[in-house]
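This structure is in C-alpha cells; I'll ask about it shortly.
Values below: all heavy atoms of this structure, side chains included; hydrogens, waters and symmetry mates excluded.
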Amino acid sequence: MAASPQIASMLGRRGKLQLDDLLAALVVDGYVLADDAKNVRMGTRAGRSTVELHPLVLIANAKLTNQLDPGRPLSLEVMTEWLASQAALPYLKIDPMKINAASVTQVVSHAYAQRHRILPIAATPGEVTFATCEPFDAGWAKDLAQMLRRDVRRVVASPLDINRYLQEFYGVQRSIQLAQDAKASGSDSSAALLNFEQLVELGKAGEVGADDRHVVHIVDWLLQYAFEQRASDIHLEPRRETGHMRFRIDGIMHKVFELPTPVMTAVTARIKILGRMDVAEKRRPQDGRIKTRSASGREVELRVSSMPTAFGEKIVMRIFDPDLVVKDFAQLGFSVAEGAQWRGMVERPHGIVLVTGPTGSGKTTTLYSTLRHLATPELNVCTVEDPIEMVSPEFNQMQVHAAIELDFAAGVRTLLRQDPDIIMVGEIRDLETAQMAVQASLTGHLVLSTLHTNDAPSAVTRLLDLGVPHYLVQSTLSGVVAQRLVRTLCPYCKQATTQDPQPWTVLTHGWSIPLPATVFKPVGCLECRNTGFLGRTGIYEMMRLSPRLRGLISAQLDLGQFGQAALAEGMRPLRISAANQVACGLTTVQEILTVLPPIEAFDDIEP
C-alpha cells in the first residue's frame, strides 16, 4: 500500500481520526463506494452507544465490500494496515506472547495509556515502542520522550487489540496486590485473579493448587489459544528453572511461553484431572482424554499423554478437531486419479489395505475420513485402537487395555464375533495382530490398518519380517498407501516465481517431468502469521496389488525388484506425487525435500 500525501493530509488535519475523514479517504483510495460511505454515516448518526468506538471499528462493523479486492472483506486489520501505510508507520499485529507485560506496564500509567489509546509493547534502556490506533496524534510521543529520556517509537495496531491488552496488562499489578492482600487476611484470593500474567507472578512466589481459579483460567486460556493458532499438539515441558510451553503448528514446533515451576506443576495436575488420570501417580506414563469446546462452539477432543522426566511430568495433548480430522478425499490432497485408486482399494468387500508413514504423517486422518466415507446404515464398522483417537457415532470403537490383556490381537478376535463388515486396526505391531488381520480378511471382511514404513513396497517386507507366510500376504493384501504431510503455501500472500532447475532435478531424479513454467514461493502475511504457509496437505504413494505383484511375493522377496515392478504397474513415488503439488502451486520443492525420506534404490529409474 502506497502512502498518498492527499489522503494523509485529509486524515491528519484534526489530529485524532474522525469517521467522516476516514470514510472520505477510503473512498478516494478506492476501498469503499461513495454510496456505502454515505450509508455508514447515516447509520452511525441514527444509532446509539457508538461514541466510544474507534471510527475504524465502526466501519469494520458495517461489513463493507473491499472494492480493491472483492474476494476479501474490508476487515479491521485490512484498514489498520492501510492506515499505517498512510501515516508512514510500521503496522503490527499484536502478539501478547511476545510482550513482557511486567516490564512495559512500568513505563506509563494505565490512565495515560487509555487516554491516548496507546499500548507499550517493548521497552529497552534507550527506546520504548508504543502501539497506537491514532497515528496522526503524535503530541504525546514528544512529551513522553522528554519525560522518559528515551526514544519513543510508534507502530500502528488494531484499536480492538490495543483496548483488549490495555485491560489485561494493566490489570496484572492491581490484581496481584489484591490477591496478596486477600491471602494475608485469609480470604479467598481466587476472585482477584483475572489474567494469565498474574498466574506467572504468583507462581514465582510459591506453590499454587490445581483447583485454584487462576490455574483453571490458564488451562482454559491454553486450550483456546491453541485452537486459535491451529495447533495440532500442545507440549508442556518441565525444566530445572522454568517450564516450556510449545505448540506444533503445521508440523513445526513453536515456543509459546515459559512458566515458573510451581505453575507448571499445578497446570499439569489440572490437565490430569480433566483427563481423568491419576494425579498422585507421577512415576508411570499415563493416557487420558479431554472433551471441550472451541471459542466458536465446536466440540474438540484432546488425547493427553504424560511422561515422567528428570524435572517432572511432561504433558502432550494432541488436538482432534472433527472439522479438521474428517475430510473428503479431495481435501486430504488426493488427485482425481489417486482418489479413484483409493476408492478402488477400500470399496472392496474383503482384503487388507494398509496406510504407512511415520508418526504425524496424517494416517489417522486418512483412515477416519475413509471410514466415514464407507460407513452406511447397511454396514457394521468396528475399530480397535490404542488409544481411540476420536469418538465417532458411526463406528463401534474398542480401546486397547494392556493391563487386562486386551491387545490388538484380542480385540480383532473379539470383533470377528461381532458380525463386522469393516474392521479398522489401529496398528499392526506384531505377528499375532497381523495373523488376526489376515484371518479377518480371509473370512470375508475388509481390514484397514497402519504400519510404520517409509514407502509402500516396504510394507510387504514388514509383514514377511513379522512372520506372516508369503502365501497369505499374496491372497489378502489389496493395496498399500504411503503418505506424508507437507505445508501448503498461504493463498493470501504466495507469489509467483520461477523454479530453480537444480532442486527440481533432485526431486524428480530419474523421471522425465518438465520444469514448471511458474511456481510459487512463501512470503508471509497476517493470515499465515508471517510464515508463508497455511495448513498442510497429503502426498501419496499408492501401490495396488496386481496379479504380477502378487506373483513376486515370496519368502525371499527382493525389495528392489519388487519396487521396480510396482513402478512398472503404475505406482508413483511420493516425490513425484509431491512434484505435482509443486506444479499446482500448493507447496515448494524446499518444503518437500525436508519431509521426504532419501531416494530408494528402486526409485531411481522411471519405469
May I have all residue pairs that pass salt bridge (charged side-chain N to carboxylate O under 4.0 Å, His left out) and include part of residues 217-227, sequence neighbours excluded?
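Every pair satisfying salt bridge (charged side-chain N to carboxylate O under 4.0 Å, His left out) with a residue in residues 217-227: there are none.
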Flag if over 12 foreign heavy atoms under 6.0 Å of CZ, Arg115:
yes
CG (Leu160) and OH (Tyr165) are apart, to the nearest 0.5 Å, by 11.0 Å
Distance (rounded to the nearest 0.5 Å) between Ser158 OG and Lys93 NZ:
6.0 Å
Donor-acceptor contact present, side-chain Arg239 to main-chain Gly243, <3.5 Å
no
Of all residues at least two apart in sequence or in a different chain, which pass the ring-ring contact (aromatic ring centres under 6.0 Å, His included) check with His110?
Tyr170
Looking only at heavy atoms, what is the nearest atom pair of Thr80 and Pro159, with distance?
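Minimum heavy-atom separation between Thr80 and Pro159: OG1-CD, 4.2 Å.
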Sequence neighbours excluded, which residues qualify as ring-ring contact (aromatic ring centres under 6.0 Å, His included) partners of Tyr112?
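Tyr112: ring-ring contact (aromatic ring centres under 6.0 Å, His included) contacts with His116.
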Roughly how far, to the nearest 0.5 Å, is CD1 of Ile118 from SG of Cys133?
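Rounded to the nearest 0.5 Å, the SG-CD1 separation comes out at 10.0 Å.
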Sequence-distant partners of Arg164, salt bridge (Lys or Arg N to Asp or Glu O under 4.0 Å), two or more places apart:
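Salt bridge (Lys or Arg N to Asp or Glu O under 4.0 Å) check on Arg164 returns Glu168.
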Looking at Tyr31, is its backbone amide N or carbonyl O close enough to the side chain of Asp29 to form a donor-acceptor pair, meaning the two atoms are under 3.5 Å apart?
no
Closest approach of Glu127 to Thr129 (non-hydrogen atoms, all atoms of both residues):
OE1-OG1, 4.0 Å
Heavy-atom pair with the smallest gap, counting every atom of Ile121 and Val104
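Of all heavy-atom pairs spanning Ile121 and Val104, the closest is C-CG1, 3.6 Å.
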Heavy-atom nearest pair, Ala62 first then Val40, reads CB-CG2, 3.8 Å
Measuring from atom CD1 of Ile59 to atom CG of Asp36, what distance do you get when rounded to the nearest 0.5 angstrom?
11.5 Å
Can you list every pair that meets salt bridge (charged side-chain N to carboxylate O under 4.0 Å, His left out) and has a residue in residues 584-596, with sequence neighbours left out?
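Every salt bridge (charged side-chain N to carboxylate O under 4.0 Å, His left out) pair that includes a residue of residues 584-596, provided the two are not neighbours, is Arg487-Glu591.
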When rounded to the nearest 0.5 Å, the distance separating CG of Asp21 from CG of Leu26 is 11.0 Å
Is the shortest heavy-atom distance from the side chain of Ile592 to the side chain of Thr588 under 4.5 Å?
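In short, these two side chains do not touch, never coming nearer than 4.5 Å.
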Do side-chain atoms of Thr488 reach the backbone of Thr537 as a donor and acceptor pair under 3.5 angstrom?
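Answer holds: no.
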Donor-acceptor pairs under 3.5 angstrom involving side-chain atoms of residues 135-154: please list them, not counting sequence neighbours.
unit_1	atom_1	unit_2	atom_2	d
Trp140	NE1	Asp137	O	2.8
Arg150	NH1	Thr124	O	2.8
Arg154	NH1	Pro135	O	2.7

Taking the side chain as every heavy atom from C-beta outward, state whether Gln67 and Thr65 have any atom pair closer than 4.5 Å.
yes
Trace of the side chain to side chain contact (heavy atoms under 4.5 Å, CB included) decision for Leu222 with Met245
CA-CA 9 Å; Leu222 171 65; Met245 182 187 299; 3.3 Å; yes
Are Ile539 and Gln581 side-chain neighbours, meaning at least one heavy-atom pair lies under 4.5 Å?
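Ile539 vs Gln581: side chains touch.
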Taking Lys521 for its side chain and Ala496 for its backbone only, find out whether a donor-acceptor pair lies under 3.5 Å.
no
Expected output: side-chain Arg248 to main-chain Gly251 donor-acceptor under 3.5 Å
yes
Distance flag, aromatic centroids of Tyr368 and Phe320, threshold under 6.0 Å:
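Between Tyr368 and Phe320, which both carry aromatic rings, the centre distance is not below 6.0 Å.
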Does the Gln495 side chain pair with the main chain of Pro522, one donor and one acceptor, at a distance under 3.5 Å?
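No; zero donor-acceptor contacts below 3.5 Å.
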Ignoring hydrogens, what is the shortest heavy-atom contact between Ala113 and Leu166? Give both atom names and the distance.
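Answer, listing the atom of Ala113 first, then Leu166: CB-CD2, 3.6 Å.
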Hey, is the main chain of Gly357 close enough, under 3.5 Å, to the side chain of Gln483 for a donor-acceptor pair?
no
Quick one: are Thr261 and Glu241 in side-chain contact, heavy atoms under 4.5 Å?
no
Begin from the C-alpha positions of Leu74 and Met79 and carry the test side chain to side chain contact (heavy atoms under 4.5 Å, CB included) through to its verdict.
CA-CA 7 Å; Leu74 190 62; Met79 288 190 291; 3.8 Å; yes
Taking C-beta and beyond as the side chain, do Arg303 and Met317 meet within less than 4.5 Å on heavy atoms?
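No, too far: nothing below the 4.5 Å cut-off.
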Could you check if a side-chain atom of Val300 sits within less than 4.5 angstrom of a side-chain atom of Arg293, using non-hydrogen atoms only?
no
Min side-chain heavy-atom separation Ile271-Ile290 under 4.5 Å
yes
Apply side chain to side chain contact (heavy atoms under 4.5 Å, CB included) to the pair Thr498 and Thr518, showing each step before the final yes or no.
CA-CA 5 Å; Thr498 56; Thr518 303; over 6 Å; no
Are the side chains of Asp250 and Ser232 in touch, meaning some heavy atoms are under 4.5 Å apart?
no
Donor-acceptor pair, Ser306 side chain versus Gln286 backbone, under 3.5 Å?
yes
Main-chain N/O of Pro358 paired to Ser361 side chain as donor or acceptor, under 3.5 Å
yes
So, does Thr132 use its side chain to make a donor-acceptor pair with the main chain of Val156 at under 3.5 Å?
no
Pair Glu134 + Arg117, salt bridge at N-O below 4.0 Å
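Arg117 and Glu134: salt-bridged.
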Derivation and outcome, side chain to side chain contact (heavy atoms under 4.5 Å, CB included), residues Leu534 and Leu489
CA-CA 6 Å; Leu534 187 64; Leu489 289 165; over 6 Å; no
Rounding to 0.5 Å, atoms CD (Gln224) and OG (Ser294) come to a distance of 6.5 Å
Which atoms form the tightest heavy-atom contact between Phe311 and Pro238, and what is the distance?
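That would be O-CB, 3.6 Å.
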